[in-house]
Amino acid sequence: MSTPPPSTSERRKQFPFDAFEPKWQAAWEKANAFHTPNPGDADFDASKPKYFVLDMFPYPSGQGLHVGHPEGYTATDIIGRYKRMTGHNVLHPMGWDAFGLPAEQYAIKTGTHPRATTEANIANFKKQLNSLGFAYDWAREVNTTDPGYFKWTQWIFLQLYNSYVNDEGKARPIAELEAQGLSHEEIDARRLAYVSSAPVNWCPELGTVLANEEVVDGKSEVGGFPVERRPMRQWMLRITAFAQRLIDELDGLDWPESIKLLQRNWIGRSEGAEVKFKVAGLEETITVFTTRPDTLFGATYMVLAPEHRLVDELVSEEQIAAVELYREKTARKSDLERTELAKEKSGVFTGAYAINPVNEEKIPIWIADYVLMGYGTGAIMAVPAHDERDFEFAKMFHLPINQVVQPPEGHDWQGYTDAGTAVNSGFLDGLPTPEAKAKITAWLEEKGLGKGTINFKLRDWLFSRQRYWGEPFPIVWEDGQHRCIPESELPLLPPDLADFKPTGTPEPPLSKATDWVRYSETATRELNTMPQWAGSCWYYLRYCDAQNSERFVSEAAERYWMGGGKPGGVDLYVGGTEHAVLHLLYARFWHKVLFDLGFVSTPEPFQRLVNQGLIMGEDGQKMSKSRGNVVNPDDVVSEYGADSLRLYEMFMGPLEQVKPWSMKGVEGVYRFLGRVWRLVLETNQEGEWTLSPQLKDVPAEKKVNKVLHETIKKCGEDIEKLSFNTAISQMMICTNAFTQAEVRPVRAIATFLTVLSPFAPHIAEELQAVIRQHFPEVAQPGFIADQTWPSYDPAALIEDEIEIVVQVNGKLRDRITVARDAPKDEVEKLALASERAQEFMEGKTPKKVIVVPGKLVNIVV
RNA sequence: GCCGAUGUGGCGAAAUGGUAAACGCAGCGGACUUAAAAUCCGCCGGGUGGCGACACCCUUGCCGGUUCGAGUCCGGCCAUCGGCACCA
């Protein structure tokens with residue numbers, strides 16, 4: 001008969017983490033151990049430097065934490081605890097990005113108010129986070145759905161609404177324009193928050209519009225529902241006015257180059273020129289944008305976006321029917337169809353002709369859906385010889401293809417899109433592409449036919465949603481005009497609704513709250529709400545002064561926590577790559593507006609950014625409920641303890657890397673912590689933990705002392721580099737050295753525990769308390785979390801004798817032991833004398849001998 | 001298609017241009033135990049030779065280069081993952 005192996009929980013625990021972890025968590029809470037004072041507080045120490053370490057705050061979902069959350073959170077907790085120990089004032093807060101669709105959809109299904117769902121989820125998240133021993137100052141907790149918070153989100157919206165961008169590209173109060181006597185319409189057209197009725201991404205299933213960024217392959221990013229284009233009146237934020245600064249000011253930030261590149265590509269700056277083409281027989285001109293003005297002589301036709309406003313005017317009698325049909329067809333197409341089915345180009349001739357300004361040639365004007373209304377001018381000059389898309393289109397519709405660029409040797413000119421030399425281009429002939437560009441641009445400007453221009457892919461940010469569970473806009477409408485409500489009416493709370501269902505039309509759910517909607521006899525409230533991104537655009541600022549009811553953050557707190565002389569205020573920001581463009585771009589945009597208006601002191605929010613890698617399931621696949629490979633942190637904590645979970649998350653591999661979970665790996669670090677525990681305690685006959693008799697207050701032997709000081713040094717350096725996995729390896733080496741020593745030097749072990757404490761704070765506190773009890777003269781008073789990071793003794797690292805590698809022709813042949821300070825020629829002599837080396841020198845005389853002090857000797861024969 | 005990241009034992013990984021595989025997992029052997037678990041000690045990339053300790057050769061995705069010396073630097077390819085994708 002065989003019995004199943006006992007599960008870990010039935011097995012005797014290697015150390016009683018289930019008792020001491022909650023004990024220390026309670027003790028920290030009771031002592032308010034991680035309270036972070038602000039400038040002006042009685043217990044604030046202005047002499048210390050600040051360190052602001054931030055996690056991307058979570059959306060408190062009903063599922064609770066998954067093991068991906070504690071990865072970044074543990075990393076920042078280690079850094080935060082380490083910085084405290086090295087004499088910094090540390091701001092390490094946590095909060096909730098709690099507006100959003102899931103709570104609203106749950107409300108639709110069950111009738112539970114999103115506020116109730118959100119509160120319950122937050123309570124659960126908070127309990128889970130606390131069970132992991134994170135050193136947060138909960139007095140600074142931030143919740144985007146709290147009226148005390150979104151009052152200021154609405155307030156920032158008012159700043160955007162009441163600002164414009166001046167000629168220097170800086171946000172300025174709209175009052176300046178009023179002072180210049182601009183009309184209401186002119187002013188509205190320049191606000192950073194403005195109303196537009198351009199086509200938007202409407203998702204019928206979700207009952208809301210979505211930002212371009214929230215649409216993936218023509219489907220909603222959330223839920224994967226179809227999205228269609230339709231014109232609607234929407235709030236937009238003028239992020240495009242900051243496009244250049246959002247590119248340029250990346251330079252001063254310590255971000256991964258790949259993330260900077262992602263943002264630059266998203267913003268998509270391109271330099272080129274606008275060229276005006278006359279329409280034959282009409283008093284109209286069409287302006288095109290091109291990055292290759294040097295190929296103007298090769299423009300053999302022109303294409304307008306089907307939605308272009310001039311199409312109606314220039315279409316010929318015979319072509320009206322075909323053009324109308326084509327326009328209807330594209331209007332019905334979603335973006336998905338428009339791009340996915342791009343294998344085959346399509347288009348229709350308008351019957352009209354344009355005049356190429358450079359050679360007066362008549363070229364046909366087509367419409368085609370490969371030209372997008374939203375980019376450039378919505379019209380292009382087609383140079384099929386040197387543009388892939390135009391080339392394909394021209395072949396399909398048998399349009400002329402004229403060479404105007406001579407490629408370098410070995411390239412076919414047809415479809416050649418890189419730089420070369422201008423040919424068949426009149427006065428440009430013989431010029432290399434860059435010079436030809438410059439010359440034609442100057443020529444166009446001189447003749448008034450065009451000008452050099454810069455275009456961006458970035459579009460303005462669609463900022464309104466037809467949802468209930470979001471910040472209402474502090475805006476009212478009267479006589480078809482919008483105006484903001486006074487600051488004194490903030491926060492504007494959402495109405496209490498019992499019915500959350502979408503109306504089935506683009507009318508937002510807030511329209512159902514008729515009393516709320518009525519602002520006055522003649523004015524009604526804006527019915528849209530803000531997108532989820534709004535709250536996360538500035539939460540890091542609120543952490544600096546979370547309770548302030550007078551201001552979104554006090555000047556003193558902002559200047560202290562966000563200051564420091566670098567462009568970015570937050571010293572370290574850790575989160576997933578999924579926010580590499582959207583959240584980080586939006587937050588940077590808001591921050592720059594607040595900076596221009598004088599509300600914050602730095603031009604950038606986040607100085608150093610680190611993206612933690614995804615944690616995969618044990619099967620190497622992405623964790624998902626359907627695959628059944630999800631690991632619940634609660635289970636890990638109950639089986640192995642919080643310290644084991646923290647340590648394993650950091651030991652798996654480099655923080656930035658994608659890596660698979662392994663329960664065996666958790667067991668490995670759990671065993672390591674067991675070894676640490678048994679350095680101090682052992683079990684007696686009754687199974688109780690008693691002090692290890694090997695523990696003595698004696699100096700550590702030289703070898704052990706060396707390992708200890710190496711560990712202090714390496715762990716400090718590795719924490720700064722966020723290289724936690726190698727720091728943990730070193731602590732394992734150190735523990736192994738202690739374990740193997742005859743006696744356990746208690747002072748050295750106490751020092752080791754302080755090094756371990758940022759990683760595994762509970763066991764470190766517990767063992768320090770045990771040591772203090774038995775060796776009161778050894779241990780420091782108070783929490784280990786409040787202790788000073790030990791300094792290492794460089795002298796302890798030095799060995800009297802070192803091993804030197806002897807190579808012959810780069811191959812390892814022998815090792816010799818020499819005195820640490822042996823002179824170079826002495827080492828060389830010893831190496832040459834090596835029997836093994838001589839064997840491989842085969843009696844030849846060395847051509848060259850390379851001596852690397854302390855490392856090796858290479859004999860070249 | 002374009003851009004980026006990554007490629008090292010059975011697995012997670014480590015290595016300022018200087019002893020490849022530290023540390024951990026798995027596996028194997030030993031001690032303790034009536035026995036097992038746990039713990040402690042040792043071995044643990046591949047090949048060839050030797051009873052053996054040991055010795056030699058090969059090995060960081062592939063091919064080439066720079067160098068006394070390359071996982072690391074340079075050039076060219078391949079594979080996997082991620083992002084963008086008619087942006088003129």
Side-chain angles (χ1 to χ4, degrees), chain A residues 3 5-6 10-14 217 256-262 264-266 268-270 272 288-292 295 303 338-343 345 368-372 374-383 387-390 392-393 417 455-459 577-578 580-581 613-614 620 648 651-654 656-669 671-672 674-675 678 682-683 723 725-733 735-736 739-740 803-815 836 840 846-850 852 854-861:
Chain A
T3 48
E10 293 162 39
R11 226 154 55 201
R12 193 175 196 296
K13 292 184 170 63
Q14 294 213 7
D217 291 336
E257 273 312 312
S258 57
I259 299 296
K260 289 188 184 181
L261 198 68
L262 229 51
R264 287 194 192 101
N265 290 344
W266 188 267
R269 179 195 149 103
S270 57
V288 303
F289 173 73
T290 177
T291 54
R292 293 296 300 270
T295 62
V303 186
R338 227 168 130 157
T339 56
E340 197 94 323
L341 308 173
K343 311 267 182 283
K345 290 266 182 295
D369 64 2
Y370 83 90
V371 173
L372 308 172
Y375 183 75
T377 61
I380 61 154
M381 63 178 212
V383 184
D387 181 280
E388 260 177 66
R389 297 148 301 185
D390 300 344
E392 233 179 275
F393 192 82
T417 58
N455 249 304
F456 296 95
K457 279 203 297 197
L458 185 70
R459 311 292 161 81
T577 344
E578 65 271 23
V581 266
L614 211 61
Y648 176 65
F651 187 62
M652 292 172 83
E656 285 104 321
Q657 201 165 293
V658 179
K659 43 211 176 270
W661 186 267
S662 155
M663 272 308 176
K664 287 287 186 192
V666 182
E667 236 167 284
V669 294
R671 281 204 284 260
F672 158 64
R675 284 162 78 90
R678 291 190 301 274
E682 62 172 32
T683 28
S723 189
N725 54 331
T726 51
I728 294 166
S729 296
Q730 183 61 39
M731 289 190 283
M732 287 173 169
I733 292 169
T735 302
N736 292 346
T739 301
Q740 281 161 5
E803 195 185 67
I804 294 279
V805 165
V806 181
Q807 295 182 339
V808 178
N809 288 334
K811 284 198 170 159
L812 172 70
R813 294 306 178 189
D814 200 7
R815 295 154 208 271
R836 299 253 316 119
F840 283 90
K847 261 198 278 187
K848 198 172 169 186
V849 180
I850 290 125
V852 182
K855 282 277 182 194
L856 58 72
V857 179
N858 190 9
I859 303 163
V860 187
V861 295

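Proteins come first, then strands; the chains are lettered A, B, ... in the order of their sequence lines, and each starts at number 1.
Taking only side-chain atoms of T726(A), from C-beta outward, the nucleotide of U19(B), A88(B), A14(B) with the closest atom is A14(B). For R836(A), taking side-chain heavy atoms from C-beta onward, the closest of the listed nucleotides G18(B), A38(B), C56(B) is C56(B). Of the candidates A88(B), G18(B), C23(B), the closest approach to any side-chain atom of K855(A) belongs to G18(B). Of the candidates C86(B), C56(B), U19(B), U19(B) carries the atom nearest the Q807(A) side chain, counting heavy atoms from C-beta on. Side-chain proximity of R671(A) to the nucleotides G18(B), C25(B), A88(B) is greatest for C25(B). Ranking A14(B), A88(B), G24(B) by closeness to the V371(A) side chain, first place goes to A88(B).
Contact between F289(A) and T377(A) at its shortest, heavy atoms only, is N-OG1, 3.6 Å. Between M381(A) and D390(A), the closest heavy-atom pair is O-OD2, 3.9 Å. The shortest non-hydrogen separation linking F456(A) to Y375(A) is O-CE1, 3.4 Å. Of all the heavy atoms in I850(A) and V860(A), the pair that sits closest is CD1-CG2, 4.2 Å.
Whole-Å rounding puts the L262(A) CG to A85(B) C1' distance at 13 Å. Across the protein-nucleic acid pair, K664(A) atom NZ and G12(B) atom P stand 16 Å apart, rounded to whole Å. Going from atom CG of N725(A) over to atom C1' of C25(B) covers 15 Å, rounded to whole Å. Atom CG in N809(A) sits about 12 Å away from atom P in C68(B), given to the nearest Å. What separates CD of E388(A) from C1' of C2(B) is a distance of 10 Å, to the nearest Å. The nearest whole Å value for the distance from the CZ atom in R813(A) to the P atom in C68(B) is 19 Å. Taking atom CZ of R815(A) as the reference point, atom C1' of G18(B) lies 13 Å away to the nearest angstrom. Computed from coordinates, the L856(A) CG to A20(B) P distance equals 10 Å when rounded to whole Å.
The base of C68(B) is not paired with the side chain of K847(A) by any donor and acceptor separated by under 3.5 Å.
A side-chain contact (heavy atoms from CB on, under 4.5 Å) with R813(A) holds for exactly one of V808(A), V805(A), I859(A); it is V808(A).
Across C11(B) and G47(B), the matching P atoms stand 16 Å from one another, rounded to whole Å. Taking atom P in both U60(B) and G46(B), the straight-line distance is 15 Å, to the nearest Å. For the P atom pair drawn from G1(B) and A70(B), the interatomic distance equals 35 Å after rounding to whole Å. Taking the C1' atoms as reference points, A20(B) lies 41 Å from A85(B), given to the whole Å. When the P atom is compared between G9(B) and A14(B), the two are found 13 Å apart, to the nearest whole Å. For the C1' atom pair drawn from A26(B) and C32(B), the interatomic distance equals 23 Å after rounding to whole Å. U80(B) and G27(B): their C1' atoms are spaced 28 Å apart (whole Å). As rounded to the nearest Å, C23(B) and C74(B) have P atoms that lie 31 Å from one another.
Proximity of Q657(A) to the phosphate of G12(B): no side-chain N or O atom is located under 4.0 Å from OP1 or OP2. Contact between the side-chain N/O atoms of K659(A) and the OP1/OP2 oxygens of G12(B) is not found at any separation under 4.0 Å. Of the side-chain N and O atoms in R678(A), none sit less than 4.0 angstrom from OP1 or OP2 of A38(B).
Among the heavy atoms of the strands lying under 4.0 Å from I380(A) is at least one base atom, whether or not backbone atoms are also near. Among the protein residues, I733(A) comes within range of the sugar-phosphate backbone only, with heavy atoms under 4.0 Å from sugar or phosphate atoms but none that close to a base. Counting any heavy atom pair closer than 4.0 Å across all strands shown, S270(A) reaches sugar-phosphate atoms only and no base atom. Across all strands, Q730(A) comes closer than 4.0 Å to no nucleic acid atom at all (heavy-atom distances). Within the nucleic acid shown, G268(A) has no heavy atom closer than 4.0 Å to any nucleic acid atom. As judged by a 4.0 angstrom heavy-atom cut-off over every strand, R264(A) is placed among residues making no nucleic acid contact. Within the nucleic acid shown, Q740(A) comes within 4.0 Å of sugar-phosphate atoms alone, with no base atom in reach, counting heavy atoms only. Across all strands shown, N736(A) has heavy atoms under 4.0 Å from sugar-phosphate atoms exclusively, and none from any base. Using a 4.0 Å heavy-atom cutoff across all strands shown, F840(A) reaches sugar-phosphate atoms only and no base atom. In this structure, P256(A) reaches neither bases nor backbone, as no heavy-atom distance under 4.0 Å exists between it and the strands shown. In this structure, K811(A) reaches the sugar-phosphate backbone alone: every heavy-atom distance under 4.0 Å involves primed, P, OP1 or OP2 atoms, never a base.
Looking only at atom types and distance, the side chain of Q14(A) has no donor-acceptor partner in the side chain of R675(A) under 3.5 Å away.
Anti is the conformation of G50(B), whose glycosidic angle sits further than 90° from 0.
Across all strands shown, C40(B) forms a Watson-Crick or G-U wobble pair with G30(B), both key distances being under 3.5 Å. In this structure, C73(B) and G65(B) make a Watson-Crick or G-U wobble pair, each of the two defining distances being under 3.5 angstrom. C25(B) and G10(B) make up a base pair, with Watson-Crick or G-U wobble contacts both under 3.5 Å. Under the Watson-Crick or G-U wobble criterion, with both distances below 3.5 Å, G82(B) is paired with C3(B). In this structure U60(B) sits in no base pair that meets the Watson-Crick or G-U test at under 3.5 Å. Nucleotide U16(B) forms no Watson-Crick or G-U wobble pair with any nucleotide shown, as no partner meets the under 3.5 Å limit on both distances.
Summary of the strand contacts: V805(A) and I728(A) both lie near RNA chain B, and taking for each the nucleotide with the nearest heavy atom, the more 5' one is attributed to V805(A). Ranked by how close their nearest RNA chain B nucleotide is to the 5' end, L812(A) and W266(A) are led by L812(A).
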Would I728(A) and Y648(A) count as a side-chain contact (heavy atoms from CB on, under 4.5 Å) if you check the C-alpha gap in whole Å, the side-chain angles of each, and the deciding distance to 0.1 Å?
-> CA-CA 9 Å; I728(A) 294 166; Y648(A) 176 65; over 6 Å; no
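Taking the centre and axis of the six-membered ring of F393(A), the NZ or CZ atom of K345(A) falls outside the cone set by 45° and 6.0 Å.
D387(A) contributes atom CG, which lies 10.0 Å from atom CD of E392(A) (distance to the nearest 0.5 angstrom).
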